[in-house]
Number of protein chains: 2
Amino acid sequence: MEKQTVTIYDVAREAAVSMATVSRVVNGNPNVKPATRKKVLEVIDRLDYRPNAVARGLASKKTTTVGVIIPDVTNIYFSSLARGIDDIAMMYKYNIILTNSDENGGKEVQVLNTLMAKQVDGIIFMGNQVTDELREEFKRSKAPVVLAGSVDSEKAQPSVNIDYVAAVAEAVKNLIDHGNQKIAFVSGSMEQAINHDYRLKGYKKALKDAGIAYDDKLVFETDYTYKAGQSLEPALSAAGATAAFVGDDELAAGVMNGLTDAGVDVPSEFEVITSNDTKLTELVRPKMSSITQPLYDIGAVAMRLLTKLMNNETVEENTVILPYGLMKRSSTK
Amino acid sequence: MEKQTVTIYDVAREAAVSMATVSRVVNGNPNVKPATRKKVLEVIDRLDYRPNAVARGLASKKTTTVGVIIPDVTNIYFSSLARGIDDIAMMYKYNIILTNSDENGGKEVQVLNTLMAKQVDGIIFMGNQVTDELREEFKRSKAPVVLAGSVDSEKAQPSVNIDYVAAVAEAVKNLIDHGNQKIAFVSGSMEQAINHDYRLKGYKKALKDAGIAYDDKLVFETDYTYKAGQSLEPALSAAGATAAFVGDDELAAGVMNGLTDAGVDVPSEFEVITSNDTKLTELVRPKMSSITQPLYDIGAVAMRLLTKLMNNETVEENTVILPYGLMKRSSTK
DNA sequence: CGCAACATTGAAAACGCTTTCATATCAAAG
DNA sequence: CTTTGATATGAAAGCGTTTTCAATGTTGCG
């Protein structure tokens with residue numbers, strides 16, 4: 001009892017018009033006599049006709065779906081962006097094919113290829129390591145690609161971000177102003193552009209401005225997990241750090257809880273400032289001070305930018321920088 | 001300079017074979033002489049041919065993509081399921097079209113329709129309120145639908161869940177065993193089947209078993225947000241509750257922090273147990289005791305079930321119940 | 001060597017729509 | 001009435017595959 005599908009042809013026959021006319025009314029083409037339109041609409045309603053988007057995609061070469069590559073949906077930072085992306089996408093009648101990449105280069109390339117095979121009209125990429133291979137794929141893609149909350153040292157792709165260098169510098173300066181001399185820099189892999197090309201740069205800048213020598217013993221490269229942060233405490237203390245800038249909220253929560261559990265009081269004995277201003281910052285105690293980012297908007301703006309690109313509209317600026325801020329909560333003095 | 005796409009026809013011409021043969025090698029059909037296969041493969045490689053999935057979808061009536069309806073990606077409970085779904089989907093060569101519904105019936109119906117228009121091969125639905133309209137749409141869908149971590153009182157759809165009634169009953173019994181007599185039931189909308197048909201039932205059962213009278217003054221219906229939980233404190237105290245079962249982790253974190261901030265000590269003065277065992281339970285202090293659920297697995301199993309359904313394999317049991325547990329952390333005595 | 005049986009291949013018809021181009025229709029103008 | 005310039009409509013050619021069916025090759029065996 002396979003359900004029978006009604007096609008545009010059925011509608012045409014029943015309404016005694018041509019497929020072309022049905023297509024016109026379905027697509028809102030104005031060149032249809034109102035009476036005809038009405039007649040067709042009635043038949044469509046009666047037969048419960050629903051256009052087949054696949055056929056449409058083949059004929060029109062537009063699928064109204066965009067691919068979204070995300071490191072891990074489970075990471076609030078990225079899922080917040082994703083939410084912004086999806087909302088705007090829906091607003092513009094696009095759908096999202098979402099795939100987790102785990103920031104794994106091989107997987108990313110593979111995913112990118114299947115997205116292209118599926119003829120997505122555009123792609124939003126999140127992930128902070130754009131390998132050469134990936135960059136090549138981006139180039140060969142006929143669908144525009146925009147990076148959201150992610151940077152590429154080559155700056156080849158349109159992207160939406162905040163000014164990470166300035167934001168981190170400001171955050172670290174804040175820590176310095178509180179009298180800290182030994183400030184740890186805790187982040188994910190240094191291979192990621194966002195860490196070595198932006199955050200670390202901001203960190204160094206703040207130190208330099210304050211006349212503090214850079215000491216790579218204070219740089220902790222780990223992964224973006226709660227556990228990783230939690231187990232960092234002994235090392236942090238051993239290095240003599242009295243404060244830390246952390247590149248991810250979950251990681252920061254781990255760091256903070258690890259400290260607290262070890263009897264180090266935050267913020268009186270150790271200050272922590274984090275980067276992404278996700279809801280996690282408010283959940284933990286003490287609440288975490290953070291660089292603030294318009295997470296939802298980064299996604300939303302990236303998607304909006306993508307719609308323009310897909311539409312061949314000229315965009316004034318391919319690299320958009322959204323404003324950041326510093327939110328003082330209770331993990332800093 | 002529109003990028004030129006190479007089609008199966010180009011490959012056929014260059015390899016001096018028919019499209020049919022190319023199609024065969026692309027699809028791994030064994031009826032091709034090894035020599036021919038090799039020749040075709042070389043041409044494919046040389047021309048960098050990539051099959052157009054849309055055309056393929058039209059011709060084969062299979063798109064290898066499934067639709068996923070999620071209340072909000074930003075909610076860790078659901079994003080954890082989504083992660084399981086995506087991983088298994090990828091394993092079976094499917095892609096995911098992900099859309100947020102905000103549990104809004106109208107939006108859900110609309111989304112469902114566009115998914116069907118896009119000819120998805122199957123659908124995974126998350127959201128705990130299956131309206132009649134939605135149920136109708138499910139029925140008319142020729143793509144199989146499975147509910148993940150979500151229940152429908154009608155039990156019409158295949159689904160993957162835990163035994164909510166038993167789990168909640170056990171959680172509440174635990175609270176009772178600690179000497180609590182006035183236990184609050186805090187959840188989202190009572191219109192959701194999971195709340196009124198399952199959790200509340202479990203709650204009542206536990207009370208009854210312990211000979212405690214049910215008092216609807218202890219039932220707090222709110223929304224699943226941190227803020228909502230946080231602002232519940234005065235009401236909770238006013239009702240004289242000394243413990244609470246909460247239906248969502250973020251909400252529970254709010255409840256707990258609200259209590260703590262108001263000077264009520266958890267767990268000595270007030271115990272809290274939550275439902276979803278997401279990472280949040282470990283982030284907050286005190287860590288939250290929770291019903292444990294195999295979140296990732298719920299998604300994974302749902303997707304696996306869906307693959308079977310899409311494949312017309314006979315499945316022994318449409319309604320799968322995964323095991324739950326109780327994890328004692330520090331928000332209960 | 002001849003033929004059955006099977007392995008390979010190709011031609012062409014779908015798949016369900018959009019879009020171009022030509023034809024028809026029609027109201028207003030001459 | 002004819003002519004003209006829209007305005008409406010239809011025919012048919014794609015879009016890039018899969019798939020069916022028939023045709024052709026090939027092999028083994030008597």
Side-chain angles (χ1 to χ4, degrees), chain A residues 2-41 43-44 47-65 93 114 116-121 142, chain B residues 2-41 43-44 47-65 93 114 116-121 142:
Chain A
E2 190 54 28
K3 277 126 180 166
Q4 192 53 53
T5 67
V6 1
T7 73
I8 197 174
Y9 182 78
D10 299 319
V11 176
R13 181 168 30 71
E14 288 288 311
V17 298
S18 71
M19 292 164 50
T21 299
V22 177
S23 176
R24 287 190 187 97
V25 350
V26 167
N27 291 297
N29 183 317
N31 300 345
V32 181
K33 194 161 40 163
T36 316
R37 179 187 310 280
K38 181 153 174 289
K39 185 173 58 176
V40 172
L41 251 15
V43 175
I44 286 181
L47 302 189
D48 190 29
Y49 165 68
R50 328 233 188 140
N52 178 322
V54 174
R56 233 205 263 240
L58 183 57
S60 69
K61 293 169 167 295
K62 299 224 163 302
T63 54
T64 65
T65 110
K93 315 277 189 203
T114 98
M116 286 163 47
K118 295 214 167 167
Q119 313 296 120
V120 295
D121 296 337
K142 56 178 154 187
Chain B
E2 189 55 29
K3 274 125 180 166
Q4 192 53 51
T5 66
V6 1
T7 73
I8 198 175
Y9 182 76
D10 299 318
V11 176
R13 182 169 28 72
E14 288 289 310
V17 298
S18 71
M19 292 165 47
T21 297
V22 178
S23 176
R24 287 190 188 99
V25 349
V26 167
N27 291 295
N29 183 315
N31 299 345
V32 181
K33 193 161 38 163
T36 316
R37 179 187 310 281
K38 181 152 176 288
K39 184 173 56 174
V40 172
L41 251 15
V43 175
I44 286 181
L47 302 189
D48 190 29
Y49 165 68
R50 330 247 189 124
N52 178 323
V54 174
R56 233 206 263 241
L58 182 58
S60 69
K61 293 171 167 298
K62 299 224 163 302
T63 54
T64 65
T65 109
K93 315 278 189 204
T114 97
M116 286 164 47
K118 294 215 168 166
Q119 314 296 120
V120 295
D121 296 336
K142 56 178 153 186

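Everything quoted here is computed from the prediction, not taken from an experiment.
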Pick base, sugar-phosphate or nothing for [X], based on heavy-atom distances below 4.0 Å to the nucleic acid.
| X | answer |
| --- | --- |
| B:N52 | sugar-phosphate |
| B:A16 | sugar-phosphate |
| B:R50 | sugar-phosphate |

Whole-Å distance between [N] [atom2] and [X] [atom1]?
| X | N | atom1 | atom2 | value |
| --- | --- | --- | --- | --- |
| A:L58 | D:dA13 | CG | C1' | 13 Å |
| B:K118 | C:dC15 | NZ | P | 23 Å |
| A:Q119 | D:dG16 | CD | P | 9 Å |
| A:Y9 | C:dT18 | OH | P | 17 Å |
| B:N29 | C:dG10 | CG | P | 13 Å |
| A:R37 | D:dT7 | CZ | P | 14 Å |
| B:D10 | D:dG16 | CG | C1' | 10 Å |
| B:K142 | C:dC15 | NZ | C1' | 11 Å |

From the set [options], return the single nucleotide nearest to any side-chain atom of [X].
| X | options | result |
| --- | --- | --- |
| A:I8 | C:dG10, C:dC17, C:dG16 | C:dC17 |
| B:K33 | C:dG10, D:dT18, C:dT8 | C:dT8 |
| B:S23 | D:dG16, D:dT18, C:dT9 | D:dT18 |
| B:A55 | D:dA8, D:dT17, C:dT18 | D:dT17 |
| B:T7 | C:dA11, C:dG16, D:dG16 | D:dG16 |
| B:V17 | D:dG16, D:dG10, C:dG10 | C:dG10 |
| A:A59 | C:dT18, C:dT9, C:dC15 | C:dT18 |
| B:M19 | D:dT17, D:dG16, C:dT19 | D:dT17 |
| B:A20 | D:dA11, D:dT19, C:dC15 | D:dT19 |

Is any side-chain nitrogen or oxygen of [X] closer than 4.0 Å to OP1 or OP2 of [N]?
| X | N | result |
| --- | --- | --- |
| A:Y49 | C:dC17 | yes |
| B:R56 | D:dG16 | no |
| A:S60 | C:dC17 | no |
| A:N31 | D:dT9 | no |
| A:T21 | D:dA8 | no |

So, taking the atom named [atom1] in [X] and the one named [atom2] in [Y], what distance separates them when rounded to the nearest 0.5 Å?
| X | Y | atom1 | atom2 | answer |
| --- | --- | --- | --- | --- |
| B:R24 | B:T36 | CZ | OG1 | 10.5 Å |
| B:K61 | A:T5 | NZ | OG1 | 5.0 Å |
| A:R50 | A:I8 | CZ | CD1 | 16.0 Å |
| B:K118 | A:T63 | NZ | OG1 | 6.0 Å |
| B:D121 | B:K142 | CG | NZ | 10.5 Å |

*asked:* Among A:V40, A:V6, A:V43, A:D10, exactly one meets side-chain contact (heavy atoms from CB on, under 4.5 Å) together with A:Y49. Which residue is that?
replied: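 Result: among A:V40, A:V6, A:V43, A:D10, A:V6 is the only option passing the side-chain contact (heavy atoms from CB on, under 4.5 Å) with A:Y49.
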
*Run the numbers on B:T7 and B:N52 for side chain to side chain contact (heavy atoms under 4.5 Å, CB included), then give the verdict.*
CA-CA 8 Å; B:T7 73; B:N52 178 323; over 6 Å; no

*Would you sort out whether B:N27 and B:R56 count as a side chain to side chain contact (heavy atoms under 4.5 Å, CB included), showing the intermediate values?*
CA-CA 11 Å; B:N27 291 295; B:R56 233 206 263 241; 2.9 Å; yes

*Using five base pairs at each end, measure the axis-to-axis angle across the helix from C:dC1-D:dG30 to C:dG30-D:dC1 and round it to 10 degrees.*
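Computed angle between terminal axes is 50°.
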
*Between the base of C:dG10 and the side chain of B:R24, is there a donor-acceptor distance below 3.5 Å?*
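Indeed there is one.
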
_B:K93 and A:T114 side chains, donor-acceptor separation under 3.5 Å_ =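 The answer is no; no qualifying pair exists.
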
